[in-house]
Amino acid sequence: MDTSKNHSRHVALWLTAAVLLILFACSRHRPEQIAGAAARQYYEQMLAGNYEAFVDGTWQPEAIPEGYRSQLIDNAAMFADRLQKEHRGVREVRIAEARLDTLNAAQAEVFLVFCFGDSTTEEVLVPMVCHDNTWYLR
């Protein structure tokens, strides 16, 4: 693996972890709010072109082969490119709602609103899972 890509991936993960730890440290934030912030941050990373951080934010209980990881990164890049072409990109990502699963508090549903460059919006459901105090895209 290219060491510069590996380094940028580690920096992005540490940045994400630092933000999430700050949120955890504030007792005012409920778990669903933290899940919402994590989901928004992962998508903001993807939209900023940091596709590796987006893929690394996906819950993968087993290590995935590098070839498959590479495909996931390419898919994230294609998705961001499609949003750019169809809607002039995403200006902002907002959290519309975040709620914990009533049967399993380690899972949450986050509703994000993409505010597009063409002044339209779209609400997207993002399932999340918490593992070792970190929220991941499910």
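This chain uses plain numbering: 1 for the first residue, then up along the sequence. All values below were derived from every heavy atom in this structure, side-chain atoms included, with hydrogens, water molecules and symmetry-related copies excluded.
- Taking every heavy atom of both residues into account, A53 and Q45 meet most closely at CB-OE1, 3.8 Å.
- In the hydrophobic cluster analysis, where Ile, Leu, Val, Met, Phe, Trp and Tyr join through side-chain heavy atoms closer than 4.5 angstrom, M78 is grouped apart from Y68.
- Heavy-atom minimum distance, A76 versus F54: CB-CD2, 3.9 Å.
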TODO: Starting from the C-alpha separation in whole Å, work towards a yes-or-no answer on side-chain contact (heavy atoms from CB on, under 4.5 Å) for L100 and T102.
DONE: CA-CA 6 Å; L100 290 181; T102 56; over 6 Å; no
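- Ion pairing of E109 with R99 is present here, as a side-chain N (NZ or NE/NH1/NH2) and a carboxylate O approach within less than 4.0 Å.
- We find the CZ-CG distance between R40 and L47 to be 12.5 Å, quoted to the nearest 0.5 Å.
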- [ ] Kindly determine whether V55 and Q60 satisfy side-chain contact (heavy atoms from CB on, under 4.5 Å), including the steps that lead there.
- [x] CA-CA 10 Å; V55 170; Q60 301 165 12; 4.0 Å; yes
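- Taking all atoms of both residues into account, the shortest heavy-atom contact from A80 to Y51 is CB-CE2, 3.9 Å.
- Residues E52 and I73 share a closest heavy-atom pair of CG-CD1, 3.7 Å.
- Applying the ring pair (Phe, Tyr, Trp, His ring centres under 6.0 Å) test to every pair with at least one member in residues 99-134, sequence neighbours left out, gives these pairs: Y43-F114, W59-H131, H87-F116.
- Among residues two or more places apart in sequence or in another chain, the side-chain contact (heavy atoms from CB on, under 4.5 Å) test is passed with Q107 by D101, N104, V129, R138.
- For T134 and D132, the side-chain atoms include no donor-acceptor pair closer than 3.5 Å.
- When all heavy atoms of M128 and A35 are compared, the closest pair comes out as CE-O, 3.7 Å.
- At a threshold of 4.5 Å between side-chain heavy atoms, the hydrophobic network of Ile, Leu, Val, Met, Phe, Trp and Tyr places L125 and W135 in two separate groups.
- Around atom CZ of R91, more than 12 heavy atoms belonging to other residues, nucleotides or ligands sit under 6.0 Å away.
- For the atom pair L112 CG and E122 CD, the distance stands at 11.0 Å (nearest 0.5 Å).
- The same ILVMFWY cluster, assembled from side-chain heavy atoms under 4.5 Å apart, contains both M46 and I95.
- Hydrophobic cluster membership is shared by L137 and L72, with clusters built from Ile, Leu, Val, Met, Phe, Trp and Tyr side chains linked at under 4.5 angstrom.
- V110 and V113 sit in two unconnected hydrophobic clusters of ILVMFWY residues. Membership requires side-chain heavy atoms under 4.5 Å apart, directly or through other members.
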